Amino acid sequence: MERPKKCISVDEARKEQDEWVRTRGKDIRECEGYEDTREFWYSLDELQEYLDYVREKSKEQGVEKPGIRFYLGAYPTTKEEKGYSTIFLSPTKEAQGETEGANEDSDSNNYDIEPYNTIGTGWPPMEY
């Protein structure tokens with residue numbers, strides 16, 4: 001199998017993670033008063049199961065080119081728990097009136113298919 005076009009190097013990934021820790025991570029530590037999580041883990045089987053689910057539900061809806069958008073989120077802060085960050089996956093469908101050469105990243109969310117969230121996180125956060 002050929003390397004996918006959108007792969008980045010390990011060095012680039014490290015630079016991006018370092019930049020997040022240096023800027024946004026620092027801001028979160030200073031504002032919220034604690035180290036937040038910044039890495040999330042899914043097994044390949046879990047991801048494949050969800051991707052298959054989205055593909056099947058999209059097909060039933062007549063969506064020919066479904067996608068997945070990753071959103072940042074945070075759990076509510078309570079007296080017992082800090083409001084740690086999370087991510088959730090949102091299915092997308094082709095934007096209405098999509099034209100040839102349109103930006104695939106602009107597809108609209110498909111609110112008729114449930115988002116996906118139950119994930120594992122490393123604690124303390126793992127450096128890349």
Side-chain angles (χ1 to χ4, degrees):
M1 178 175 186
E2 287 187 40
R3 177 181 170 260
K5 292 178 184 176
K6 293 185 179 182
C7 283
I8 63 173
S9 70
V10 169
D11 286 341
E12 182 62 30
R14 283 190 176 123
K15 287 177 188 175
E16 290 176 8
Q17 175 69 179
D18 290 347
E19 184 67 10
W20 190 96
V21 170
R22 188 182 69 75
T23 59
R24 290 145 185 86
K26 178 183 174 226
D27 291 344
I28 292 169
R29 277 190 309 278
E30 290 175 359
C31 181
E32 296 294 328
Y34 60 87
E35 180 89 10
D36 199 358
T37 190
R38 62 178 179 271
E39 47 97 3
F40 308 94
W41 182 88
Y42 293 98
S43 73
L44 287 178
D45 289 340
E46 288 174 306
L47 279 177
Q48 192 62 58
E49 178 184 42
Y50 185 66
L51 294 175
D52 291 346
Y53 174 73
V54 169
R55 189 177 306 277
E56 182 63 31
K57 290 292 190 182
S58 297
K59 186 177 180 181
E60 291 171 8
Q61 298 171 357
V63 175
E64 293 181 25
K65 296 180 183 178
I68 299 289
R69 181 173 283 120
F70 290 74
Y71 278 95
L72 298 174
Y75 295 109
T77 300
T78 66
K79 289 181 181 179
E80 297 81 27
E81 294 287 327
K82 295 179 172 73
Y84 289 110
S85 293
T86 188
I87 62 169
F88 62 91
L89 286 61
S90 173
T92 64
K93 55 185 173 182
E94 300 98 345
Q96 298 291 11
E98 184 175 64
T99 58
E100 187 68 29
N103 183 353
E104 291 179 10
D105 297 334
S106 66
D107 290 353
S108 60
N109 290 333
N110 187 342
Y111 295 109
D112 295 322
I113 302 175
E114 299 86 354
Y116 191 68
N117 175 258
T118 305
I119 56 171
T121 64
W123 195 257
M126 290 179 56
E127 298 293 326
Y128 182 81

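All figures in this text were calculated on a predicted structure; none of them were measured in a lab. Numbers for residues simply follow the sequence, beginning at 1. In what follows, every heavy atom counts, from backbone to side chain, and hydrogens, waters and symmetry copies are set aside.
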Heavy-atom side-chain proximity of [X] to [Y] below 4.5 angstrom:
X   : Y   : result
E94 : V63 : yes
P91 : K57 : no
Y50 : I68 : yes

task: Output yes when E19 and R22 qualify as a salt bridge under the 4.0 Å nitrogen-oxygen rule, no when they do not.
output: yes
- request: Inspect the contact between E35 and R29 and indicate whether a charged nitrogen and a carboxylate oxygen are less than 4.0 angstrom apart.
  value: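 Counted as a salt bridge, because a side-chain N and a carboxylate O are separated by less than 4.0 Å.
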message: Let's go through K93 and S108 carefully: what are the C-alpha distance in whole Å and the side-chain angles of both, what is the deciding distance for side-chain contact (heavy atoms from CB on, under 4.5 Å) to 0.1 Å, and is it a yes or a no?
response: CA-CA 6 Å; K93 55 185 173 182; S108 60; 3.7 Å; yes
message: We want to know whether T92 and N110 form a side-chain donor-acceptor pair, criterion being a heavy-atom distance below 3.5 angstrom.
response: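 Side-chain D/A pair, T92 to N110: absent.
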Donor-acceptor side-chain pairing of N117 and Y71 below 3.5 angstrom: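 No pair is found: no donor N or O on one side chain lies under 3.5 Å from an acceptor on the other.
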query: Does atom CD of E60 have more than 12 heavy-atom neighbours, drawn from other residues, nucleotides or ligands, at distances under 6.0 Å?
result: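 Counting neighbours around CD of E60, more than 12 heavy atoms of other residues, nucleotides or ligands fall under 6.0 Å, so yes.
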- prompt: Does CD1 belonging to I8 count more than 12 external heavy atoms closer than 6.0 Å?
  reply: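 Yes - once you tally the heavy atoms of other residues, nucleotides and ligands closer than 6.0 Å, there are more than 12.
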query: For residues 113-128, which residue pairs qualify under salt bridge (Lys or Arg N to Asp or Glu O under 4.0 Å), counting only residues two or more places apart or in two chains?
result: R38-E127
- prompt: Got a sec, which pairs hit salt bridge (Lys or Arg N to Asp or Glu O under 4.0 Å) with one end in residues 70-90, sequence neighbours left out?
  reply: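 Listed once each, the pairs would be none.
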May I ask whether [X] and [Y] are part of the same hydrophobic cluster, defined by side-chain heavy atoms of I, L, V, M, F, W, Y residues being less than 4.5 angstrom apart, directly or through others?
X   : Y   : value
V54 : L44 : no
W41 : L51 : no
L72 : F70 : yes

Measuring from [X]:[atom1] to [Y]:[atom2], what's the distance to the nearest 0.5 Å?
X   : Y    : atom1 : atom2 : result
E64 : S58  : CD    : OG    : 11.0 Å
R55 : I113 : CZ    : CD1   : 11.5 Å
T86 : D36  : OG1   : CG    : 10.0 Å

task: Show your working on side-chain contact (heavy atoms from CB on, under 4.5 Å) between Y42 and L89 and close with a plain yes or no.
output: CA-CA 11 Å; Y42 293 98; L89 286 61; 3.3 Å; yes
task: Give a yes or no on whether the ring-centroid distance for Y75 and Y84 is below 6.0 angstrom.
output: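 No, too far apart.
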message: For Y116 together with Y53, are the ring centres under 6.0 Å from each other?
response: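 Y53 vs Y116: aromatic centres not under 6.0 Å.
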task: Test R14 against D11 for side-chain contact (heavy atoms from CB on, under 4.5 Å), laying out the working first.
output: CA-CA 5 Å; R14 283 190 176 123; D11 286 341; 4.2 Å; yes
Heavy-atom closest pair, residues [X] and [Y]:
X    : Y   : value
P115 : F88 : CB-CD1, 4.0 Å
E12  : S9  : N-OG, 3.0 Å
A74  : G83 : CB-O, 3.9 Å
D107 : R69 : O-NH2, 2.7 Å

field: side-chain contact (heavy atoms from CB on, under 4.5 Å) assessment of I28 paired with W20
entry: CA-CA 11 Å; I28 292 169; W20 190 96; 4.0 Å; yes
query: Of the options V10, D18, V21, which is the one that meets Y128 in a side-chain contact (heavy atoms from CB on, under 4.5 Å)?
result: V10
